There are 2 protein chains.
Amino acid sequence: MRDMAATAQTSAPAAEPQPGLRERKKIKTRIAIREATYRLIERQGYDATTIEQIAEAAEVSPSTVFRYFPTKEDIVLTDEYDPLLEQELRERPADEPWFDSLRHVLRKAVGIDTSEDPEVSRLRTRLMVEVPAVRSRMMESMSVTGRLLSRAIAERSGRDPDSLEVRVFAMSLIGGLMETSLYWAETGQGDDLADLVERAVNVMEHGLVPRNPEDRGAPA
Amino acid sequence: MRDMAATAQTSAPAAEPQPGLRERKKIKTRIAIREATYRLIERQGYDATTIEQIAEAAEVSPSTVFRYFPTKEDIVLTDEYDPLLEQELRERPADEPWFDSLRHVLRKAVGIDTSEDPEVSRLRTRLMVEVPAVRSRMMESMSVTGRLLSRAIAERSGRDPDSLEVRVFAMSLIGGLMETSLYWAETGQGDDLADLVERAVNVMEHGLVPRNPEDRGAPA
DNA sequence: CCATGAAATGAGAGTAACTCTCAAAAGATG
DNA sequence: CATCTTTTGAGAGTTACTCTCATTTCATGG
């Protein structure tokens, strides 16, 4: 299980209007592998699906599969919301309270995720609770998102993004969000994810509000 | 290395004063594997150390290594502070504010970890930042600790430990603590871990306090 | 349209972490 | 000591992943 950057980078300068045949083929291959994988997993489960089968179904060689995705888990995950998140976050007014910005951005992200390809999204979260390796990989990628949050928070508050405080704050948010996804998946994905996220953000903003008003602000 | 009560449980009634030769041998084997692993990793690094080498150094067969530890990562980690944590937490006065209890318990845990076997503790956290697989495994085990926190919080506050709110709260704490360990390891383990934990808990209790008092309580 | 260079692919061999099975060894027990 | 149970070792098998190298496929300039 090596790491590696998730997205492949070409050395050529970026935005080409006509990406050229090569690039187009690469994208198609990538998609073909992904879709073949989803199909096979849906039919036989994650563990029972081998790279060889995926390669065959996608009509490429096993070597090629590994060229496109460093690990089997990465075929399933890796949808890279991070750039989107970062952009959205940067577009929020700078004086907006942090948690409000967070709410907005998350609402948008959830909206995209659940509307764009609901079945894949469901399968993915299901795998997240069922397959430890997938969950692990997910956590890893979440911690990358954590760094992103650190940067955003630092930018707004004029702090050092590498300071313990900022990092802890960011990762505690990530922890809470991760758990929200897990909760959603574990409870059968019946709830509206957006609502759950809302509730989660509330908890992270205000802590566990006591049930009896006369209790202290502390959760216990 | 006091571990011992890790996973495998015999069907026989528990506490035997003289555990019998068999049990004693098992403990010794477990320790032998662990120590051999630490030795080898320190000398050659994690990836370069194979199970075969570990088996040879511990004078057992590779099969036996896998019988004692499900994965290579588990040989390095798995020190099971959870029972200790849970007990300590339960022993705090029930009306103590939650974050104070947390502080106490963490201070104790950190104390034990850094004093008991400093070199192993250092190696472990180093591996945590260097080896993705180890970090992943660590995160997994942290999420188990999260469930433990959920239970403790629920017990105190009279909530449902499986509610979204409690779970999110607990896992955001775990996220912050995880990041604290990582920070400590990444910055060369020079800081006093207890201090870092203290600062981290403060952040999680009060949020990122603004630098200018006239700012709102929100972090940004 | 063809020659040359660069990038992507496929084939194959290799590694190492696990899994399973079964027979031998060692501790427990009466 | 005899028997039963648990632990171990040996070995074969699976599979994700790595590396290398020859071949194919696209890009480009003449």
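To find a chain, count down the sequence lines: A is the first, B the second, and so on, and within it residues start at 1. Just so you know, these numbers come straight off a predicted model, no measurement behind them.
Of the residues near DNA chain D, B:V60 and A:A48, the one whose nearest nucleotide (by heavy atom distance) lies more toward the 5' end is B:V60.
The nearest whole Å value for the distance from the CD atom in A:Q53 to the C1' atom in D:dT14 is 13 Å. The separation between B:F66 atom CZ and C:dA16 atom C1' is 8 Å, rounded to whole Å. Atom CD1 in A:I51 sits about 17 Å away from atom P in D:dT14, given to the nearest Å. B:I41 places its CD1 atom 11 Å from the P atom of C:dA17, with the value rounded to the nearest Å. Between A:I27 atom CD1 and C:dA7 atom C1' there is a gap of 16 Å when expressed in whole angstrom units. For the pair A:Y46 OH and D:dT15 P, the interatomic distance rounds to 14 Å; values are reported in whole Å. Computed from coordinates, the B:R67 CZ to C:dC22 P distance equals 14 Å when rounded to whole Å. The distance between atom CD1 of B:I33 and atom P of D:dT8, rounded to the nearest whole Å, is 8 Å.
Considering only side-chain N and O atoms, A:K25 lies nowhere under 4.0 angstrom from the phosphate OP1 or OP2 of C:dA8. In terms of phosphate contacts, B:K72 brings no side-chain nitrogen or oxygen within less than 4.0 Å of OP1 or OP2 of C:dC18. Distances shown here put a side-chain N or O of A:T64 below 4.0 Å from the OP1 or OP2 atom of C:dG10.
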List the atom pairs, with distances to 0.1 Å, where a side-chain N or O of residues 161-176 of chain A and a protein N or O form a donor-acceptor pair under 3.5 Å, not counting sequence neighbours.
unit_1: A:D162; atom_1: OD1; unit_2: A:R147; atom_2: NH2; d: 3.4
unit_1: A:S163; atom_1: OG; unit_2: A:D160; atom_2: O; d: 2.9
unit_1: A:S163; atom_1: OG; unit_2: A:V166; atom_2: N; d: 3.3
unit_1: A:E165; atom_1: OE1; unit_2: B:R199; atom_2: NH2; d: 2.9
unit_1: A:E165; atom_1: OE2; unit_2: B:R199; atom_2: NE; d: 2.8
unit_1: A:E165; atom_1: OE2; unit_2: B:R199; atom_2: NH2; d: 3.4
unit_1: A:R167; atom_1: NE; unit_2: B:E179; atom_2: OE2; d: 2.7
unit_1: A:R167; atom_1: NH1; unit_2: B:E186; atom_2: OE1; d: 3.0
unit_1: A:R167; atom_1: NH2; unit_2: B:E179; atom_2: OE2; d: 2.9
unit_1: A:R167; atom_1: NH2; unit_2: B:E186; atom_2: OE1; d: 3.3
unit_1: A:S172; atom_1: OG; unit_2: A:F169; atom_2: O; d: 3.0

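Judged purely by distance below 3.5 Å, without hydrogens or angles, the side chains of B:S143 and A:R135 never pair a donor atom with an acceptor atom.
The side chain of A:S61 lies closest to C:dG10, out of D:dA16, C:dG10, D:dT6. Closest to the side chain of B:Y68, from the set D:dT25, D:dT8, C:dC18, is D:dT8. Comparing C:dG10, D:dA27, C:dA17 by their closest approach to the side chain of B:T50 singles out C:dA17. If you check D:dA27, D:dC17, C:dG10 against the side chain of A:L21, the one that comes closest is D:dA27. Picking from C:dA8, C:dA28, C:dG10 the nucleotide with the shortest atom distance to the side chain of A:R22 gives C:dA8. Nearest to the side chain of B:K26, among D:dT7, C:dA11, D:dA16, sits D:dT7.
With hydrogens and angles disregarded, a donor-acceptor distance shorter than 3.5 Å links the side chain of B:Q53 to the backbone of B:T50.
Note: A:R137 CZ to A:I75 CD1 = 12.0 Å, rounded to the nearest 0.5 Å.
Summarising the geometry of A:D113 relative to A:R124, their closest heavy-atom pair is OD1-NH2, 4.0 Å, with the distance given to 0.1 Å.
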